[in-house]
2 protein chains.
Amino acid sequence: MSTVGLQLRELREKAGFSLRKAAVAIDTDVAILSKMERGERKFSKELVLKLAELYKIDSDKLVIDYLSEKVLYELKDEEFGLEALKVAEKQLNYKKQNEQ
Amino acid sequence: MSTVGLQLRELREKAGFSLRKAAVAIDTDVAILSKMERGERKFSKELVLKLAELYKIDSDKLVIDYLSEKVLYELKDEEFGLEALKVAEKQLNYKKQNEQ
DNA sequence: CTTGTGTTGACAAATATTGTCAAAGGTAAT
DNA sequence: ATTACCTTTGACAATATTTGTCAACACAAG
C-alpha cells in the first residue's frame, strides 16, 4: 500500500524534477512538498492536481487515493470505523440513485 | 435518513430533558446544543457520548452515524467520493486482518 | 408579568492548518 | 575544500477553522 506522497515522489523522479523545480512549478515551498511526499504533512487536493498536471498523468486514481487517505486518517482510532464507512457508502449510493 | 442531530433531539425529548437541562448536564452551552441538534454546527464525538449516557441509551449506533456523517461531509462535493470510500474500506479490512 | 422553552447572531478564544524562511547535512564533481 | 546541487528539519508567522461564551429575541403557558 503506497501512500499518495510516495506515489507522487516516484512520479516526480520519473518525470525528472527535483523537489525545488517541482515546488517552483506548482508555486509552493520546497519544504512543504518535501514534507508532503514523506507524509509528514497532509496534502492539499489542489497540490495533488497541480502535480498530476505537471507530471502529465491522469489524476483520477491519485485523487481517489488522496480522499481515501483523508477518510482513513479521520477514522484511524475509531472502533467502528468500518461500520461507519459502510453506512456512508450506503447513503452515498442511495443519494446517487435519486439525483439523476 | 435521520441525522444524528435529529436523533438526539428525539432522544432528549423522550428522556424529558429541556435543551437547557441537557446542556448543563453535559457541561456545554445551550446555544451549542441547539445548533448541533439542528445541524447548524457539527457535533463533537465527546458530546454525542455524553448525551447517550445522559439519555441512558447505547451509543454505538449513534457513534457510527456520527462518523458516517463526518465522512460524508468531507466527500460531499467530490466526484470520486464513492470510489474513495471503497478504497478506504478495502484498506481498513486489510488492516483488520493483519492486526490480530 | 413571570417563567420556561428554543433560536439567533455577534464576538472571543482556542486549535489547526498552511506558508515562509534559514540553516543543516548529504553527495558529487572539479 | 569549495562549488553546486539536492533534501530535510525546525522554528516561526499568518490564516483559517472550530469551539465556546454571552446577550437578546420570540413564543407560549401559567
Side-chain angles (χ1 to χ4, degrees), chain A residues 2-55 62-63 65-78 84, chain B residues 2-52 54-55 62-63 65-78:
Chain A
S2 178
T3 65
V4 172
L6 292 179
Q7 289 183 57
L8 281 168
R9 168 150 292 190
E10 263 192 52
L11 289 166
R12 174 172 60 78
E13 287 166 349
K14 267 186 202 162
F17 287 93
S18 73
L19 257 189
R20 275 177 206 288
K21 295 273 175 62
V24 168
I26 63 171
D27 192 40
T28 192
D29 191 276
V30 201
I32 293 183
L33 191 53
S34 168
K35 286 169 188 168
M36 284 179 170
E37 285 187 350
R38 285 169 305 112
E40 196 181 309
R41 206 179 262 210
K42 284 182 221 159
F43 267 102
S44 73
K45 188 186 168 191
E46 196 200 354
L47 283 199
V48 172
L49 293 175
K50 282 187 182 173
L51 288 173
E53 196 185 343
L54 180 63
Y55 306 152
L62 229 38
V63 168
D65 285 352
Y66 162 74
L67 292 174
S68 161
E69 267 178 29
K70 230 171 109 182
V71 164
L72 283 173
Y73 181 80
E74 197 160 83
L75 298 179
K76 68 176 155 37
D77 299 321
E78 294 295 341
Chain B
S2 179
T3 64
V4 173
L6 292 180
Q7 290 182 56
L8 281 169
R9 169 149 292 191
E10 264 193 51
L11 288 166
R12 174 171 60 78
E13 287 166 349
K14 268 187 202 159
F17 286 94
S18 74
L19 257 190
R20 283 189 163 77
K21 295 273 176 61
V24 168
I26 64 171
D27 192 40
T28 192
D29 191 277
V30 201
I32 293 183
L33 192 52
S34 168
K35 287 169 187 167
M36 285 179 170
E37 284 187 349
R38 284 168 307 113
E40 195 182 310
R41 206 177 260 212
K42 285 182 220 161
F43 267 102
S44 73
K45 188 187 168 191
E46 197 200 353
L47 283 200
V48 172
L49 292 175
K50 282 187 182 172
L51 289 173
L54 181 62
Y55 305 151
L62 228 37
V63 168
D65 286 351
Y66 162 75
L67 292 173
S68 162
E69 268 179 28
K70 229 171 110 182
V71 163
L72 283 173
Y73 181 81
E74 196 160 86
L75 298 178
K76 69 176 156 35
D77 298 321
E78 294 296 341

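Quantities reported herein were computed from a predicted structural model and do not represent experimental measurements. Residue numbers start from 1 in every chain, and the chains themselves are labelled A, B, ... in the order their sequence lines are given, proteins ahead of strands. Worth knowing before you read on, the calculation uses all heavy atoms, side chains too, and leaves out hydrogens, waters and symmetry mates.
- Side-chain atoms of A:Tyr66 come within 3.5 Å of backbone atoms of A:Lys45 as a donor-acceptor pair (strictly under, hydrogens ignored).
- Per the geometry, CZ belonging to A:Arg12 stands 5 Å off P belonging to D:dT7, to the nearest Å.
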Letter by letter from the 5' end, nucleotides 17-23 of chain D scores (B base, S sugar-phosphate only, - none; protein heavy atoms under 4.0 Å) -SBBBB-
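- Straight-line distance from the CG atom of B:Leu19 to the C1' atom of C:dG6: 6 Å, rounded to whole Å.
- For C:dG4, the OP1/OP2 oxygens have no side-chain nitrogen or oxygen of B:Ser18 closer than 4.0 Å.
- Between the CD atom of B:Glu37 and the C1' atom of C:dT8 there is a distance of 15 Å, rounded to whole Å.
- In this model, the phosphate group of D:dT7 is not approached by any side-chain N or O of A:Arg9 to a distance below 4.0 Å at OP1 or OP2.
- In this structure, CG in B:Leu19 is found 11.5 Å from NZ in B:Lys21, a value given to the nearest 0.5 Å.
- Between B:Gln7 and B:Leu62, the shortest heavy-atom distance links the atoms OE1-CD1, 3.4 Å.
- To the nearest 0.5 Å, the span separating CG on A:Leu33 from CG on A:Leu8 amounts to 8.0 Å.
- Within the structure, side chain to side chain donor-acceptor pair (under 3.5 Å) contacts touching residues 34-44 of chain B (residues at least two apart or in different chains) are B:Arg9-B:Glu37, B:Arg12-B:Glu37, B:Ser34-B:Arg38, B:Arg38-B:Glu40.
- Judged by the 6.0 Å and 45° rule, B:Lys70 forms no cation-pi pair with B:Tyr73.
- Distance, A:Leu33 CG to C:dC21 P: 17 Å, rounded to whole Å.
- For B:Arg20 against C:dG4, no side-chain N or O and base N or O form a donor-acceptor pair under 3.5 Å.
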